[in-house]
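Whatever order the structure lists ligands and atoms in, that order sets their numbers, starting from 1.
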Amino acid sequence: MNVIETKEILYEYPDGTKALEDVNFKAESGKIIALLGPNGAGKSTLFLHFNGILEPSSGEVLVNGRPISYDKKELMKVRQEVGIVFQNPDDQLFAPTVMEDVAFGPMNIGLSKEKVESRVKEALKRVGMEGFEKKPPHHLSGGQKKRVTIAGILAMKPKIMVLDEPTSGLDPRGASQIMRLLYELNEEGMTIIISTHDVDLVPLYASTVYIISHGNIIKEGSPQTVFSDVETIRNANLRLPRIAHLMEILNKEDHVSFGKPYPLTIGEARRKIREQAKD
Ligand SMILES: Nc1ncnc2c1ncn2[C@@H]1O[C@H](COP(=O)(O)OP(=O)(O)OP(=O)(O)O)[C@@H](O)[C@H]1O
């Protein structure tokens, strides 16, 4: 079942910029889906359609098979179902303390004080930010802010979590920790949709990949399918995962081949190299 689906959506900003054109996007329940695209391709604009922050100029957005209705009450429901973590934490964090920030969503849907407190505690624990409750968000580091924004969405217990570049600006360990958390949440049944420039992360976590360029989806499929289309990847100003790039160089320049499609992760490459060494 598709928990989110866009049908031929087109979006034009008030200044006339056409940011999306005829975008068909599907997120199947329980998957991790990655949206890849260069700067300005339309990733954030597309994501803002998933819980009705933006309304398409034409076309339709469906959540759990139902077209989004843009009246206030209905939108509240959609936003409990679909949580969006913005690219820039400063666009999301606004309360005087971490505690109040994470509590805002659960309070807004009328949960009791005890329930709100337990949700805040649980969410901050999940992202490794317990002990920061009293801190003002603007005193946190970039990585810590990102974790708090994720906690704020987790506290709403959405079934679908949409994260705009969740690892941008994080050190390698921080990026791995966030991806590990998303992986665990997905194992527990949450559908995860991320946008990223980090092509090395994609084959490790995502089962479906979409490539967006100039407001159009130009490729979709498994990481193996998408990264086999090297021309499309490069034309979209993206690159192959480093491992696949190394295999391509070995193949083309040194005539050493570990077979196609190229392995995309260290694990896959290691397996292929070991197999070949045995022969
Ligand atoms: N508020 C706005 N008003 C007018 N044009 C906008 C606005 N926000 C974005 N755009 C334009 O819409 C297009 C898509 O932008 P968007 O932010 O969705 O891209 P993106 O893929 O998320 O980029 P990045 O990777 O740099 O975050 C760009 O041409 C951008 O300049």
Side-chain angles (χ1 to χ4, degrees), residues 4-27 32-61 63 68 70 75 78-79 82-94 142-143 145-147 149-150 153 160-171 174-175 178-179 182 192-203 205-206 208-221 223 226-227 229 232-241:
I4 291 190
E5 184 170 356
T6 71
K7 289 187 174 170
E8 306 273 310
I9 62 170
L10 185 146
Y11 186 77
E12 196 171 312
Y13 280 103
D15 71 354
T17 306
K18 263 196 188 146
L20 298 175
E21 278 184 68
D22 299 334
V23 169
N24 292 308
F25 176 98
K26 286 179 189 158
I32 299 183
I33 299 120
L35 179 66
L36 270 175
N39 290 135
K43 301 181 294 297
S44 305
T45 307
L46 178 59
F47 279 6
L48 294 174
H49 282 79
F50 291 164
N51 71 357
I53 294 173
L54 292 181
E55 185 175 354
S57 312
S58 68
E60 208 174 32
V61 183
V63 173
I68 293 184
Y70 292 87
L75 280 180
V78 169
R79 287 175 192 165
V82 185
I84 299 192
V85 177
F86 295 151
Q87 185 171 356
N88 181 358
D90 293 328
D91 292 340
Q92 200 143 1
L93 301 169
F94 65 95
K145 283 183 188 171
K146 199 122 216 175
R147 285 162 190 268
T149 56
I150 294 176
I153 299 300
I160 305 153
M161 190 141 116
V162 180
L163 301 101
D164 200 350
E165 302 196 18
T167 59
S168 74
L170 300 187
D171 61 30
I178 293 290
M179 289 312 295
L182 299 182
I192 306 279
I193 307 173
I194 61 166
S195 75
T196 184
H197 294 124
D198 192 340
V199 289
D200 295 307
L201 279 180
V202 170
Y205 295 100
T208 308
V209 185
Y210 281 83
I211 307 274
I212 187 167
S213 174
H214 300 294
N216 291 284
I217 299 288
I218 54 168
K219 189 91 188 169
E220 66 178 273
V226 167
F227 289 116
D229 188 351
T232 299
I233 296 286
R234 296 213 166 109
N235 284 343
N237 284 337
L238 295 167
R239 64 166 176 83
L240 288 179

Q | Under 3.5 Å side-chain donor-acceptor pair for Asp198 and Thr196 | A | no
Q) What protein heavy atom is closest to atom 27 (O) of ligand 1, reported as residue, atom name and distance in Å? A) Gln87 OE1, 3.2 Å
Q) Is atom NE2 of His197 surrounded by more than 12 heavy atoms (other residues, nucleotides or ligands) closer than 6.0 Å? A) yes
Q | His49 side chain reached by Leu20 side chain, heavy atoms, under 4.5 Å | A | yes
Q: Run down the list His214, Lys18, Lys43, Glu12 and name the one with the heavy atom closest to atom 20 (P) of ligand 1.
A: Lys43
**Q.** Interfacing atoms of ligand 1 (cut-off 4.0 Å, heavy-atom, Thr45)
**A.** 14 (C), 15 (O), 16 (P), 18 (O)
Q) What closest approach, in Å, do Leu75 and Tyr70 show between heavy atoms, and which atom pair accounts for it? A) CD1-O, 3.7 Å
(Q) Please report the interatomic distance CE(Met179) to OG1(Thr167), rounded to the nearest 0.5 Å. (A) 7.0 Å
(Q) If we only consider heavy atoms of Pro38, is any one of them less than 4.0 Å away from an atom in ligand 1? (A) yes
Q: Could you tell me the residue and atom name of the protein heavy atom closest to atom 5 (N) of ligand 1, and the distance to it rounded to 0.1 Å?
A: Tyr13 CD1, 3.4 Å
Q: Would you indicate whether Lys219, at its atom NZ, is surrounded by more than 12 heavy atoms from other residues, nucleotides or ligands within a distance under 6.0 Å?
A: yes
**Q.** Step-by-step side-chain contact (heavy atoms from CB on, under 4.5 Å) determination, Leu35 to Phe47
**A.** CA-CA 10 Å; Leu35 179 66; Phe47 279 6; 3.5 Å; yes
Q | Closest non-hydrogen atom pair, Pro166 against Ile194 | A | CG-CG2, 3.9 Å
Q | Protein heavy atom under 4.0 Å of atom 31 (O) of ligand 1 | A | no
Q: Assess Gly42 for proximity to ligand 1: is some non-hydrogen atom of it under 4.0 Å away?
A: yes
Q: Output the list of atoms in ligand 1 that are nearer than 4.0 Å to some heavy atom of Glu165, sorted by atom number.
A: 25 (O), 27 (O)
Q: Write out the residue and atom name of the closest protein heavy atom to atom 11 (C) of ligand 1, then the distance separating them to 0.1 Å.
A: Thr17 CG2, 3.8 Å
(Q) Please work out, at 4.0 Å between heavy atoms, whether the side chain, the backbone, both, or neither of Asn39 comes within that distance of ligand 1. (A) both
(Q) Geometry only, no angles: is Gly40 polar-contacting ligand 1 at N/O separations under 3.5 Å? (A) yes
Q: Could you list the atoms of ligand 1 found under 4.0 angstrom from a heavy atom of His197?
A: 25 (O)
(Q) Any nitrogen or oxygen of Ala41, side chain or backbone, less than 3.5 Å from one on ligand 1? (A) yes
Q: Check Asn237, Ile212, Ile211 against Pro38 for a side-chain contact (heavy atoms from CB on, under 4.5 Å) and give me the one that passes.
A: Asn237
